[in-house]
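If you're wondering where the values come from, they're calculated on a predicted model, not measured in any experiment. One-based numbering, in listed order, for ligands and for the atoms of each.
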Amino acid sequence: MPLVAGVDSSTQSCKVVIRDAETGALHRQGTARHAPGTEVDPETWWRALLEAAAAAGGLDDVAAVAVSGQQHGMVCLDADGAVVRDALLWNDTRSAVAARQLIEDAGPDGAAYWAETTGTVPVASITAAKLKWLAENEPENAARTAAVCLPHDWLSWRLAGHGPGSGGLAALRTDRSDASGTGYWSPATGQYLPEVLDATLGHVPALPVVLGPLEPGLQTPAGTVIGPGTGDNAGAALGVGATVGDVVVSVGTSGTVFAVTEDPTADVTGLVAGFADATGNFLPLAATLNASRVLDATAGVLGVDLPALTELALAAEPGAGGLSLVPYFEGERTPNLPEAQASLHGMTLANYTPANLARAAFEGVACSLADAFRAVTGLGIEARRVILVGGGARSAAMQQTLSSVLGMPVDVPEPGEYVADGAARQAAAVLSGAWPEWKTQDSLTVSAPAAPQVLERYRAAAQRMHGSAS
Ligand SMILES: Nc1ncnc2c1ncn2[C@@H]1O[C@H](COP(=O)(O)OP(=O)(O)O)[C@@H](O)[C@H]1O
Ligand SMILES: O=C(CO)[C@@H](O)[C@H](O)COP(=O)(O)O
């Protein structure tokens, strides 16, 4: 049976899985790290993809490949297909003022205009805000921009043999899920919005053709079919087989909470982005800027590795002895506070211990995700099942603290690369013309005692510091 490859080019690394197209059985896999930062040369993604593919035994024997990528990244290409400047990523907040300006420019009902027109009220993450920043701060780079695409689009284009000097802008392809994170494509109509590009970049560049869920896109020079690809959260939804009634919580560099809906959403509060998914449905999503890196940073401060951080946290009581961490280290997106900083509350000599600090880090991330969860379910979306994925899902402390603050069980699929798996599943579907019924992964259901007081104390601290609640 043919093999297919799935690629997850996310913020911190590139993962490649090689799976049987019919059964989904895992044959090989590989990973490669990305350089840190919120402004990155896309060539580093390309080199990491080649390294991860080589570590997975290469792509020569696969019949189809698809790429899931970190969303929103602004990749600007000149007329020859060369990258104009380093890409601004989803977590780069320099475009926060531009995002606010886009809302104000739309008039007194600006938020409603953006929510209804694009599904999303602009924040710094949204590509359109980054284009506005580019036009205002680097007009010569804006003028040189002949095409704009997203990280997964550009990697698919490179896999098809295009690159600097090749021109080939007409070969750019994307999919609904990633296009829906740009701010210049409408999930409700399936059309680009040229007026947004005129108002941000200053002109309408070449844009990737938006492919349907099972529509084959390009081919590699060796003839391997390249699927439409997806944004990484839509890829995760494919990878875990999320359906209506499921709410997925991902703890990666970003924290995300998203659901599958049959109808588009338009949240005028701006907390929930009304994205599309990779199957023809929709993926309302709330994202945070501070998730797994809060755990990395706390482990560093305590001088332990991540498994040891989990052990420390599990040795503390729920509530961390009264410590409460509001983890807005990088500013925050949910709520939209791009200039915010983190704060630790309730410190006494008695509770200021490594175990309580570790616990407070996990509880702070869990409470931040609980705010995002409240935003999504606040749209009337039912959460019959919560599925926890992302690198942070490997931690029992993350599993237990999330279950406690949500007050409900959390299903944790066995450790895996579900974004890359989703891309592989799409590649198999493009080959056969139908979604394969791959065996779903075994899951552990974690049901920890509810701890509403932890979330209440967290929200009170956030309210004191920022006067806002998501
Ligand atoms: N055992 C673990 N315990 C807690 N966190 C972990 C563990 N293993 C990995 N992680 C977290 O996973 C993160 C990477 O997750 P991943 O979903 O791959 O990120 P991204 O998709 O944003 O690149 C790291 O920042 C790390 O904090
Ligand atoms: O901005 C979003 C979603 O809107 C993030 O989810 C990015 O897509 C980054 O994903 P990870 O690297 O954290 O997986």
Geometry only, no angles: is [X] polar-contacting ligand 2 at N/O separations under 3.5 Å?
X	result
Trp90	no
Ser125	no
Gln70	no
Thr256	no

Salt bridge or not between [X] and [Y]? Use side-chain N to carboxylate O under 4.0 Å.
X	Y	value
Arg158	Glu43	yes
Glu339	Arg100	yes
Glu51	Arg33	no
Glu317	Arg359	no
Glu138	Arg94	no

Check whether any side-chain N or O of Glu104 sits under 3.5 Å from a backbone N or O of Gln101 as a donor-acceptor pair, and report yes or no.
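Checking the backbone N and O of Gln101 against the side chain of Glu104, no donor-acceptor pair under 3.5 Å is found.
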Give a yes or no answer on whether the side chain of Lys15 reaches the backbone of Asp421 with a donor-acceptor pair at less than 3.5 Å.
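Not a single qualifying donor-acceptor pair exists.
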Heavy-atom count around Glu262 CD within 6.0 Å, excluding the residue itself: above 12?
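Count not over threshold, so no.
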Step through the shown structure and confirm whether more than 12 heavy atoms of other residues, nucleotides or ligands are within 6.0 Å of CD on Gln341.
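Check fails, neighbour count at 12 or below.
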Can you tell which part of Asp232 has a heavy atom less than 4.0 Å from ligand 2: side chain, backbone, both or neither?
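Near ligand 2, Asp232 shows its side chain, while the N, CA, C and O stay back.
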For ligand 2, note which part of Leu285 has a heavy atom under 4.0 Å away: side chain, backbone, both or neither.
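Side chain only.
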Ligand 2 atoms in contact with [X] (distance to a heavy atom under 4.0 Å):
X	value
Phe275	4 (O)
Thr253	13 (O)
His72	1 (O), 2 (C), 3 (C), 4 (O)

Nearest non-hydrogen contact with atom 19 (O) of ligand 1 belongs to which option: Asn91, Val251, Thr11, Thr253?
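The nearest heavy atom belongs to Thr253.
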From the candidates Ala313, Gly391, Ser254, Ala236, the one that places a heavy atom nearest atom 15 (O) of ligand 1:
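Among Ala313, Gly391, Ser254, Ala236, the closest heavy atom to atom 15 (O) of ligand 1 comes from Gly391.
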Which residue and heavy atom of the protein sit nearest [atom], plus the separation:
atom	result
atom 2 (C) of ligand 2	Arg333 NH1, 3.6 Å
atom 1 (N) of ligand 1	Arg394 CB, 3.9 Å
atom 26 (C) of ligand 1	Asp296 OD1, 3.4 Å

Can you list the ligand 1 atoms lying under 4.0 Å from a non-hydrogen atom of [X]?
X	value
Ser10	20 (P), 21 (O), 23 (O)
Gly390	17 (O)
Ser395	3 (N), 4 (C)

Just heavy atoms, cut-off under 4.0 Å: does His34 contact ligand 1 by side chain, backbone, both, or neither?
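Neither; nothing of His34 gets under 4.0 Å from ligand 1.
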Would you verify whether the NZ or CZ of Arg176 falls within 45 degrees of the ring axis of Phe282 while also being under 6.0 Å from that six-membered ring's centre?
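So Arg176 does make the cation-pi contact.
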